[in-house]
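What follows is a short report on a single structure.
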Amino acid sequence: MRILAFDTATRATTVALLDEQAGVELEARDDPEPGARPRHTSRLMPLIVEVLNRAGCGWDDLDRLAVGTGPGTFTGLRIGVATARALAGARGLPLVGISTLESLALGALPAARAGGQDQILAVLDARRREVFTAAWSPDGGAMRTPTLVTAVMSPAALAESSPELGRSRLAIGDGAVEFRQVLERPGTVIPADDSELHRVSAVQHCRLAAQQLSVGAEAVSPEYLRRPDAELNLRAPS
């Protein structure tokens, strides 16, 4: 099976291709410098073309598409899911929606097993001093059943509740980096800030998509969890 996947839920734009028969995994990504704006609009399609060219693969060679459904930024998710729907419809390809948090956790699975942690916390910065988070057990294979269902909460609330999830925990993601001091207080392990474990990778999207049933393009929707910042600002008291 050949799967093309991408994610725009965070500031990064990541695109990957998995060719199961050839044993090939390729990724191209754009990671803006700290403080720089995401470049999903300008970089997503060029990265898709780059990955297909590197793989020597055309659209007719693909078996399915996969896209990260978040949670994440409103604009980023809208760009990614809209692009995936358009490509799936135009190319007649099945589409799979992938939880960005589950993909992030899957990438940390070997590290959690090696470190003896019994929980993996995927934590993304949700802005407004909140995080998007979910947790899985590293003994859960593809981790289809989370031990903490996807939620948005304050870092303090996550730190307070995390000991209830398990004896030892590995937290990864840009939210874990941003709120390290708070999340480490109950003993949660967080890798160094520059660890690859904190980066969402579409390679993991491909691996998850290979195990899931595809659906119609219109059935794949972003997981926003809350209203966009612009709407919240309009509703805020003056």
Side-chain angles (χ1 to χ4, degrees), residues 1-34 36 38-73 76-77 79-84 86-88 91 93-112 120 122-125 142-143 172-177 191-212 214 220:
M1 183 181 293
R2 293 189 183 94
I3 302 170
L4 178 72
F6 49 89
D7 190 285
T8 54
T10 66
R11 294 173 65 252
T13 307
T14 170
V15 179
L17 185 140
L18 168 67
D19 186 333
E20 288 187 307
Q21 183 172 356
V24 172
E25 294 179 341
L26 296 173
E27 183 184 17
R29 57 186 302 124
D30 178 71
D31 292 283
E33 294 295 324
R39 297 183 285 259
H40 306 310
T41 302
S42 62
R43 296 300 298 143
L44 179 55
M45 285 308 301
L47 289 174
I48 289 174
V49 172
E50 176 186 337
V51 166
L52 290 175
N53 287 341
R54 284 168 55 192
C57 182
W59 289 103
D60 292 340
D61 299 316
L62 297 175
D63 295 299
R64 61 176 52 177
L65 296 176
V67 64
T69 56
T73 64
L77 287 176
I79 291 169
V81 172
T83 300
L87 290 173
R91 302 292 178 174
L93 287 167
L95 181 61
V96 181
I98 299 296
S99 162
T100 302
L101 289 172
E102 183 178 4
S103 175
L104 185 62
L106 182 62
L109 186 58
I120 302 172
V123 189
L124 293 176
D125 187 358
M143 305 178 302
I172 38 87
D174 60 10
V177 172
D193 289 3
D194 61 354
S195 171
E196 292 291 315
L197 296 177
H198 296 305
R199 302 206 308 180
V200 173
S201 172
V203 170
Q204 308 301 336
H205 288 43
C206 289
R207 293 172 179 169
L208 288 170
Q211 305 166 10
Q212 297 184 26
S214 58
V220 175

Practice task
I would like to know whether Val96 and Arg64 meet side chain to side chain contact (heavy atoms under 4.5 Å, CB included); could you show each step before the answer?
Solution key: CA-CA 8 Å; Val96 181; Arg64 61 176 52 177; 3.9 Å; yes
Nearest heavy-atom neighbours spanning [X] and [Y]:
X: His205; Y: Val67; value: CD2-C, 4.2 Å
X: Asp19; Y: Arg2; value: OD2-NE, 3.0 Å
X: Pro38; Y: Arg11; value: CB-O, 3.7 Å
X: Ile98; Y: Ser103; value: CG2-CB, 4.2 Å
X: Leu77; Y: Gly72; value: CD1-N, 3.5 Å
X: Leu87; Y: Ile48; value: CD1-CD1, 4.1 Å

Exercise for the section: Any chance you could lay out the side chain to side chain contact (heavy atoms under 4.5 Å, CB included) test for Leu104 and Val123, step after step, and finish with the verdict? Expected result: CA-CA 9 Å; Leu104 185 62; Val123 189; over 6 Å; no
Handout entry: Backbone of Ala202 reached by a side-chain donor or acceptor of Thr14 within 3.5 Å
Key =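 Between the backbone of Ala202 and the side chain of Thr14 there is a qualifying donor-acceptor contact (under 3.5 Å).
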Handout entry: N/O donor-acceptor pair under 3.5 Å between Asn53 side chain and Glu50 backbone
Key = no
Practice task
Mind running side chain to side chain contact (heavy atoms under 4.5 Å, CB included) on Val177 and His198 for me, showing each step along the way?
Solution key: CA-CA 8 Å; Val177 172; His198 296 305; 3.5 Å; yes
Handout entry: Check: Leu101 and Pro71 side chains under 4.5 Å, non-hydrogen atoms
Key = yes
Problem - Residue pair Asp31, Arg199: steps toward the side chain to side chain contact (heavy atoms under 4.5 Å, CB included) verdict - result: CA-CA 9 Å; Asp31 292 283; Arg199 302 206 308 180; 3.1 Å; yes
